[in-house]
Amino acid sequence: MYTQAMDTAGKDESKPKAVRSAEEMALEQKFDARIDAGDFIEPKDWMPDHYRKTLVRQISQHAHSEIVGMLPEGNWATRAPTLKRKAILLAKIQDEGGHGLYLYSAAETLGTSRDQMLEALHTGKAKYSSIFNYPTLTWADVGVIGWLVDGAAIMNQVPICRCSYGPYARAMIRICREESFHQRQGFDSLLVMMEKGTQAQRDMVQDAVNRWWWPSIMMFGPPDDQSPNSAQSMRWGIKRVSNDELRQRFIDATAEQAQVLGVRLPDPELKWNEQRQHYDFGAIDWSEFWRVIAGHGPCNRERLAARVKAWEEGAWVREAALAYARQQEPQAQAA
Ligand code: FAQ
């Protein structure tokens with residue numbers, strides 16, 4: 001039930017189909033040429049089935065991540081330390097909800113309904129980002145989510161602004177602008193605690209960094225040689241930069257920011273490598289990542305239960321909106 005196996009259409013159907021006719025082959029060649037030329041593919045354009053399914057998988061997983069991602073921070077909406085921090089946090093959580101909605105809309109242009117996507121989430125068939133299965137134990141976790149989780153999200157999402165599928169690429173432009181604000185507010189909140197806070201507050205920040213660092217660098221997905229979807233997604237311009245390369249870019253940027261903040265990243269092997277012009281880092285515990293995405297992280301059950309509860313308790317709102325729309329229909333036709 002909680003396996004998060006994202007496959008809204010069933011495993012076998014998501015495999016590439018053999019080209020059946022000369023006409024289909026010609027269409028595929030034309031499609032490949034458009035990808036090679038860097039054209040955007042739009043909803044009404046012909047596209048291979050597997051391209052469509054890969055996009056629905058990735059975009060819906062991304063949308064679910066934004067929506068489930070509201071929960072860990074939502075835990076602190078009533079307990080933010082000042083009115084200013086509370087207003088910022090509420091705005092950020094609303095932004096994440098908005099991102100989910102743009103992304104569901106982008107996925108709907110591929111012919112999968114929002115109800116189908118939500119059904120896949122609620123029944124545990126769909127994945128959402130591993131990172132949101134960890135708890136937010138202290139106020140510092142909220143700052144660290146902004147700094148590290150939004151920071152990782154931006155690193156991964158900026159290249160998606162150049163994704164070959166037009167509606168996804170366009171949705172990402174606004175999302176990235178907002179994520180950039182989220183990252184900065186997280187960093188700012190931590191900096192205030194580190195520079196002006198008490199020793200107990202500084203310890204709280206360090207503890208949050210210790211808990212979130214490794215899960216954050218797992219967000220980029222498995223190593224390239226264990227990433228079954230990467231080769232085809234890169235060929236189609238859905239992914240522009242590989243999981244490992246993005247992870248390295250993130251580590252390079254964050255290691256410098258940690259020095260400004262005055263926190264230690266919990267990796268004794270993290271060290272600048274002059275020859276590579278990158279930071280070296282220690283081994284990632286991939287067994288933890290696979291456990292979390294298989295449904296056995298610290299909060300998988302809690303997160304899914306919260307989404308299902310919200311869906312069930314919101315049924316009356318959907319019914320009222322539909323009744324209102326039906327009521328308006330004859331008036332709209334008469335006008
Ligand atoms: N969590 O072959 P790959 C955010 C799965 S938004 C869970 O490398 P792919 C905003 C993957 O689905 C964060 N599952 O897969 C925010 C595949 O399984 P499948 C979300 C993961 O698709 C901030 C299997 O492992 N961002 O944070 C993860 O080529 C703060 C093999 O992997 C996006 O979704 C993971 N971390 O590359 C909100 C960005 N990684 O489907 C609130 C768009 C991998 O074959 C607060 N997505 N898997 O059964 C992507 O860029 C890609 O989908 C990757 C994975 C890079 C995540």
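Starting from 1, each residue takes its place in the sequence as its number. Indexing begins at 1, ligand by ligand and atom by atom, following the structure's order.
With a 4.0 Å heavy-atom cut-off, ligand 1 is reached by the backbone of Y128 but not by any atom from C-beta on. Of the heavy atoms in F132, only side-chain atoms (C-beta onward) come closer than 4.0 Å to ligand 1. Contact annotation for Q183 and ligand 1: no heavy atom of the residue comes within less than 4.0 Å of the ligand. Counting heavy atoms closer than 4.0 Å to ligand 1, residue E96 contributes side-chain atoms (C-beta onward) but none from N, CA, C or O. With a 4.0 Å heavy-atom cut-off, ligand 1 is reached by no atom of A152. Residue contacts with ligand 1, taken as heavy atom pairs separated by less than 4.0 Å, do not involve H99 at all. If you look at E73 next to ligand 1, the close heavy atoms, those under 4.0 Å, all belong to the side chain. Contacts between V292 and ligand 1 below 4.0 angstrom, taking non-hydrogen atoms only, are absent altogether. Residue M70 does not touch ligand 1, judged by heavy-atom distances below 4.0 Å.
Side chain to side chain, H62 and Y128 fail the donor-acceptor criterion of an N or O pair below 3.5 Å. Checking Q61 against H64 by side-chain atom types alone, no donor-acceptor pair falls below 3.5 Å.
At distances below 3.5 Å, at least one donor-acceptor pair connects side-chain atoms of R303 with backbone N or O atoms of F132. The backbone N or O of Q185 lies less than 3.5 Å from no partner atom in the side chain of S189, so there is not a single donor-acceptor pair. Remark: side-chain polar atoms of E178 are not paired, donor with acceptor, to backbone N or O of I175 under 3.5 angstrom. At least one donor-acceptor pair under 3.5 Å links the side chain of T54 to the backbone N or O of H50.
At least one N or O atom of Q61 sits closer than 3.5 Å to an N or O atom of ligand 1. Distances between N or O atoms of N229 and those of ligand 1 include at least one value under 3.5 Å. Checked against a 3.5 angstrom limit, the closest N/O atoms of S130 and ligand 1 fall inside it. Between E66 and ligand 1, no pair of N/O atoms sits closer than 3.5 Å. Considering both main-chain and side-chain atoms, M219 comes within under 3.5 Å of ligand 1 through a nitrogen or oxygen pair. Taking any N or O of K127, backbone or side chain, at least one lies under 3.5 Å from an N or O belonging to ligand 1. Some N or O of N156 is nearer than 3.5 Å to an N or O of ligand 1, by distance alone. Between S227 and ligand 1, a contact under 3.5 Å exists for at least one N or O pair. Where the criterion is an N or O separation shorter than 3.5 Å, residue side chain and backbone included, E179 fails it with respect to ligand 1. For K239, a nitrogen or oxygen atom sits less than 3.5 Å from a nitrogen or oxygen atom of ligand 1, counting backbone and side chain alike.
Against a heavy-atom cut-off of under 4.0 Å, F220 is close to the following atoms of ligand 1: 56 (C). If you number the atoms of ligand 1 from 1 as listed, the ones under 4.0 Å from a heavy atom of S65 come out as 13 (C), 20 (C). Atoms of ligand 1 lying under 4.0 Å from at least one heavy atom of K92, given by number and element, are 30 (C), 46 (C). For ligand 1, the atoms closer than 4.0 angstrom to any heavy atom of N243 are 8 (O), 56 (C). Each of the atoms 43 (C) of ligand 1 lies under 4.0 Å from some heavy atom of Y168. Atom numbering of ligand 1 starts at 1 in the shown order; those under 4.0 Å from a heavy atom of G69 are 42 (C), 46 (C). Residue contact check: I293 has heavy atoms under 4.0 Å from atoms 1 (N), 7 (C), 14 (N), 25 (O) of ligand 1. Heavy-atom contacts of G221 reach the following atoms of ligand 1: 40 (N), 44 (C) (cutoff under 4.0 Å).
Residues satisfying the ring-ring contact (aromatic ring centres under 6.0 Å, His included) test with W46, not counting sequence neighbours, are none. With sequence neighbours excluded, the residues that form a salt bridge (charged side-chain N to carboxylate O under 4.0 Å, His left out) with R249 are E245.
Here the CG atom belonging to L101 is positioned 10.0 Å from the CD atom belonging to E66, to the nearest 0.5 angstrom. In this structure, CG on N156 lies 10.5 Å from CZ on R247, to the nearest 0.5 angstrom. Going from atom NE2 of H99 over to atom CD of Q157 covers 8.0 Å, rounded to the nearest 0.5 Å. Here the CZ atom belonging to R170 is positioned 8.5 Å from the OH atom belonging to Y165, to the nearest 0.5 angstrom.
A salt bridge links R235 to D36: one of the charged nitrogens lies within less than 4.0 Å of a carboxylate oxygen. Using a 4.0 Å cut-off between a side-chain N of Lys or Arg and a carboxylate O of Asp or Glu, D150 and K92 qualify as a salt bridge. Checked for salt-bridge contact, R184 and D188 miss the test: no charged N lies under 4.0 Å from a carboxylate O.
For atom 47 (N) of ligand 1, the candidate residues are Q58, Q232, H64; the nearest heavy-atom contact is made by Q58.
Heavy atoms of P228 approach ligand 1 to within less than 4.0 angstrom.
A side chain to side chain contact (heavy atoms under 4.5 Å, CB included) with D244 holds for exactly one of S230, P222, S227, P223; it is P223.
Other residues, nucleotides and ligands contribute over 12 non-hydrogen atoms within 6.0 Å of the CZ atom of R79.
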